[in-house]
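First up is the structure itself, then whatever we jot down about it.
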Amino acid sequence: EKHLKEALKGEGLDVRRTGKGHDFAVDPAPGEEEDAASLEVLRNEMSVFIEVKATVGDAARMSVKQVEAAVENRERYLLCVVNVEGTSPTEEEVRLHARFVCDIGMQLAPVWNEYENLQSTMRGVESTEGPIALEITGQDPKFRIDQEIWSAGLDFAAAVAFLIEK
């Protein structure tokens, strides 16, 4: 998270930590927009939330709170997955390996609807299938986002362009 925050700041974006179902909010550089919201990237007077996940495997997992925030803010919520190998990545490695899924809220919406429908019968559900799926272990549901989804996301440079242009 720290390296991504610094990399985005290095591109002239104002980045703040939120911790409310997403990790960062990114705004334009100070002075460009005066009515920026909390930890988001501001695009055309609208904040964009970024959830950052590091993974050593072929999937990233999001909590119920994170998925709810993604679905509720689907037009302005990005998932950033950084595939790391072993040790803590450097800022340059984060730039190289970060992938941004700009429509994760839209992709999660059908599985979120399943989750909401299944809440009352959660004890009998172990998981759903597909590249975005619900996994329930005991009372700890997680939403799995497989590599086929996040690896097709934007690389760092394209994500910065997306954030600046929108």
Side-chain angles (χ1 to χ4, degrees), residues 1-63 65-112 130-133 142-166:
E1 290 179 22
K2 179 180 91 174
H3 291 311
L4 179 65
K5 181 178 179 180
E6 293 307 314
L8 290 171
K9 280 186 169 186
E11 297 294 327
L13 297 167
D14 183 19
V15 181
R16 293 180 310 274
R17 178 115 167 83
T18 61
K20 301 177 194 167
H22 39 77
D23 292 319
F24 294 117
V26 183
D27 296 328
E32 291 182 20
E33 293 293 339
E34 296 305 321
D35 50 81
S38 63
L39 191 46
E40 311 140 36
V41 178
L42 196 70
R43 358 180 288 204
N44 296 331
E45 301 180 17
M46 179 180 14
S47 296
V48 176
F49 302 108
I50 301 174
E51 177 57 32
V52 182
K53 296 292 181 186
T55 185
V56 293
D58 59 0
R61 286 173 174 74
M62 296 175 69
S63 71
K65 187 173 189 175
Q66 292 162 349
V67 172
E68 181 178 29
V71 171
E72 287 177 358
N73 298 285
R74 66 186 72 186
E75 298 298 322
R76 58 192 194 113
Y77 193 104
L78 283 71
L79 172 64
C80 173
V81 178
V82 181
N83 197 5
V84 296
E85 299 193 14
T87 63
S88 296
T90 64
E91 182 177 329
E92 187 57 37
E93 290 170 326
V94 168
R95 285 176 176 264
L96 181 64
H97 298 292
R99 293 295 178 265
F100 293 79
V101 183
C102 301
D103 64 345
I104 192 64
M106 293 294 291
Q107 292 191 55
L108 284 166
V111 179
W112 176 252
I132 294 183
K142 293 284 185 183
F143 291 81
R144 187 186 74 244
I145 298 91
D146 285 347
Q147 185 174 8
E148 71 182 79
I149 299 293
W150 57 261
S151 66
L154 302 177
D155 65 20
F156 184 83
V160 168
F162 172 84
L163 293 169
I164 290 171
E165 291 174 11
K166 299 288 178 178

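Basis for what follows: all heavy atoms, side chains included, without hydrogens, waters or symmetry-related copies.
- Looking at every heavy atom in both residues, A59 comes nearest to W150 through CA-NE1, 3.9 Å.
- Considering NE2 of H97 and SG of C80, their distance stands at 12.0 Å, rounded to 0.5 Å.
- Judged purely by atom type and a 3.5 angstrom limit, N73 has no side-chain atom pairing as donor or acceptor with the backbone of R76.
- With a 4.5 Å cut-off on side-chain heavy atoms, V101 and I145 do not count as touching.
- Closest heavy-atom contact between A70 and L108: CB-CD1, 4.0 Å.
- Between K53 and E51 there is a salt bridge, with a side-chain nitrogen of the basic residue lying less than 4.0 Å from a carboxylate oxygen of the acidic one.
- In terms of heavy-atom proximity, G57 sits nearest to N83 at O-OD1, 3.9 Å.
- L78 is not listed as a side-chain neighbour of F49, based on a closest heavy-atom distance of 4.5 Å or more.
- Formation of a donor-acceptor pair under 3.5 Å by the Q66 side chain with backbone atoms of S63 is found in this model.
- Between A7 and E91, the shortest heavy-atom contact is CA-OE2, 3.4 Å.
- Proximity of L79 to M62: side-chain heavy atoms (C-beta onward) are separated by under 4.5 Å at one or more points.
- Between A60 and V81, the shortest heavy-atom distance links the atoms CB-CG2, 4.0 Å.
- Between the CZ atom in R61 and the OG1 atom in T55 there is a gap of 7.5 Å [rounded to 0.5 Å].
- Two residues are said to be in side-chain contact when any heavy atoms from C-beta on lie closer than 4.5 Å; L163 and V48 meet this criterion.
- You'll find the side chain of V160 reaches within 4.5 Å of the side chain of L8, heavy atoms only.
- A 4.5 Å side-chain heavy-atom check between L4 and F156 finds at least one atom pair inside the cut-off.
- Taking each heavy atom of I149 and I132 in turn, the nearest pair found is CG1-CG1, 4.0 Å.
- A donor-acceptor pair under 3.5 Å is absent between the side-chain atoms of E68 and the main chain of K65, judged by distance alone.
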